[in-house]
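A note on names: the letters A, B, ... follow the listed sequences, proteins ahead of strands, and every chain is numbered from 1.
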There are 2 protein chains.
Amino acid sequence: MSLIIQNIEKHVQLTAEEKELFLSKTEIHHYKAKSILLSSGEICKYSYFVNSGILRSFNINDNIVEHVLNFACEGWWIGDMYSLLSQKPGNLFIQVLEDAEIVLLSKKNQEELYLEIPKLERFFRILTENSLVANQERLMDGLSLSAEERFEKFCKKHKDLIHKVPQKQIASYLGVTPEFFSKMKAKMLKRT
Amino acid sequence: MSLIIQNIEKHVQLTAEEKELFLSKTEIHHYKAKSILLSSGEICKYSYFVNSGILRSFNINDNIVEHVLNFACEGWWIGDMYSLLSQKPGNLFIQVLEDAEIVLLSKKNQEELYLEIPKLERFFRILTENSLVANQERLMDGLSLSAEERFEKFCKKHKDLIHKVPQKQIASYLGVTPEFFSKMKAKMLKRT
DNA sequence: TTTTGCACTTAACCTAGATTAAGAAGTTAT
DNA sequence: ATAACTTCTTAATCTAGGTTAAGTGCAAAA
């Protein structure tokens with residue numbers, strides 16, 4: 001059973017025909033590490049589901065400073081929600097960090113599927129709700145926790161990622177510079 | 001035509017009967033400024049839609065420090081998404097800042113409505129999507145903008161709120177202390 | 001009308017985290 | 001293997017924003 005169908009069936013049940021229809025509207029692609037799936041200024045045409053590998057979304061400040069919005073690994077969705085919904089040019093990049101197998105679902109097919117399989121409207125509603133809750137928590141953490149506390153929370157939540165992605169990108173996700181992150185990490189280790 | 005129906009019809013069209021059914025599943029309440037509609041530790045049972053007045057959601061740190069998550073004025077929805085979805089105790093407060101007329105939609109009724117009027121599944125999906133996009137932008141702003149820049153953005157986006165809510169709460173929303181906010185504001189005025 | 005209590009300001013001092021710079025260590029390509 | 005890059009570390013110095021504290025102005029009790 002494909003990972004993406006399992007993912008959907010966590011929230012809504014599909015018949016065999018519905019599964020087939022769904023899969024017929026997706027494409028599977030393989031990408032090497034460092035590939036860019038979406039660039040700032042482009043219109044996002046797909047939702048990306050990760051079968052294997054690791055992706056990240058980030059934007060680049062006027063300056064040249066990157067800020068990581070999200071990581072996605074096995075079983076996660078990623079995309080530029082703003083651009084995907086508005087069909088206007090976004091300001092996110094989506095990049096492969098570790099060789100990846102990705103399921104692509106185009107916006108057009110997604111909307112057709114909403115009409116053909118209304119249950120999917122529910123699925124994506126729930127997916128978006130969960131994503132919103134996670135984002136709100138991260139927002140509040142940014143307002144109320146120190147960098148150390150945010151890092152500890154990150155470690156608990158993303159054990160797998162810590163040794164797989166360059167730490168400068170974890171620093172960026174947490175909202176600190178790589179230099180400060182390195183210093184902080186050393187201090188935390190010494191304390192243990 | 002009631003404000004909440006107008007709000008829904010921005011995204012999906014309802015028949016006269018559907019409108020009636022929807023409204024029959026809501027309650028209208030009036031609250032005085034400072035009322036608390038939801039406290040930390042409680043399970044959130046309603047989505048709140050603001051007909052008039054102003055609400056805010058916030059949490060309180062171990063310390064005693066408040067952090068404003070959101071403001072809601074006329075035509076906006078507010079709630080504790082985490083608690084509402086999980087039906088577990090949340091950590092948000094929801095409070096009235098200016099005398100308000102509020103439409104309450106219980107979780108139970110909302111779920112019944114999804115079955116009775118599947119179009120509403122679409123409506124709430126779109127609502128949640130838009131909310132997620134706004135949250136992601138705020139998150140990125142927190143990572144990449146200075147307090148001044150965040151304040152300028154806030155002013156453009158919420159002209160109405162600036163003179164209606166205590167500025168210590170705007171400070172909190174922006175993630176700075178009231179003292180720093182006051183200093184920053186004075187500096188910005190002098191510069192003009 | 002006085003008092004109590006917030007909201008706001010100002011100012012001195014403090015610190016988490018940024019910046020700059022330079023070297024060490026690990027990767028990738030040749 | 002070696003060159004060329006990138007990531008990570010360390011350290012000195014700097015600053016946006018926090019903390020503490022005292023004072024002002026104003027609205028709601030009493």
OP1 or OP2 of [N] less than 4.0 angstrom from a side-chain nitrogen or oxygen of [X], does that happen here?
{"X": "A/T177", "N": "C/dA18", "value": "yes"}
{"X": "B/R150", "N": "D/dA16", "value": "no"}
{"X": "B/Q169", "N": "C/dA7", "value": "no"}

How many whole angstroms separate atom [atom1] of [X] from atom [atom2] of [N]?
{"X": "B/E149", "N": "D/dG17", "atom1": "CD", "atom2": "P", "result": "9 Å"}
{"X": "A/Q167", "N": "D/dT6", "atom1": "CD", "atom2": "C1'", "result": "13 Å"}
{"X": "B/M184", "N": "D/dT19", "atom1": "CE", "atom2": "P", "result": "16 Å"}
{"X": "A/I162", "N": "D/dT7", "atom1": "CD1", "atom2": "P", "result": "19 Å"}
{"X": "A/F180", "N": "C/dT20", "atom1": "CZ", "atom2": "C1'", "result": "17 Å"}
{"X": "B/I170", "N": "C/dA7", "atom1": "CD1", "atom2": "C1'", "result": "13 Å"}
{"X": "A/K168", "N": "D/dT6", "atom1": "NZ", "atom2": "C1'", "result": "7 Å"}
{"X": "B/H163", "N": "C/dC8", "atom1": "NE2", "atom2": "C1'", "result": "15 Å"}

Near-ring test A/F124/A/W77, centroid separation under 6.0 angstrom: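 Centroid distance A/W77-A/F124: below 6.0 Å, so yes.
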Ring centre gap for A/F151 and A/F181 strictly below 6.0 Å: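 Yes, they do, as the ring centres are separated by less than 6.0 Å.
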According to a 4.5 Å side-chain heavy-atom criterion applied to Ile, Leu, Val, Met, Phe, Trp and Tyr, with indirect links allowed, do A/L127 and A/L120 form part of one hydrophobic cluster?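 As far as the 4.5 Å side-chain criterion goes, A/L120 and A/L127 are connected within one cluster.
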Is the shortest side-chain heavy-atom distance between B/L55 and B/I102 below 4.5 Å?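 Yes - at least one pair of side-chain heavy atoms lies under 4.5 Å apart.
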By nearest atom, which of the nucleotides D/dG17, D/dT7, C/dC8 is closest to the B/A147 side chain?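 When the side chain of B/A147 is considered, D/dG17 is the closest of D/dG17, D/dT7, C/dC8.
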Picking from D/dG17, C/dG17, D/dT7, which would you name as closest to the side chain of A/P166?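 Of all the options, the side chain of A/P166 is nearest to D/dT7.
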Should we count CD of B/E112 as having more than 12 external heavy atoms under 6.0 Å?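 Atom CD in B/E112 is crowded, with more than 12 foreign heavy atoms closer than 6.0 Å.
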Mapping B/K183 and A/S182 onto DNA chain D by nearest heavy atom, which one lands closer to the 5' end?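 Upstream on the strand: A/S182.
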Under 4.0 angstrom, heavy atoms only, what part of the nucleic acid is B/K185 near: base, sugar-phosphate, or nothing?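 Since only primed, P, OP1 and OP2 atoms lie under 4.0 Å of B/K185, the category is sugar-phosphate.
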Name the nucleic acid region contacted by B/E179, choosing base, sugar-phosphate or nothing; use a 4.0 angstrom heavy-atom cut-off, strictly under.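 It contacts base atoms.
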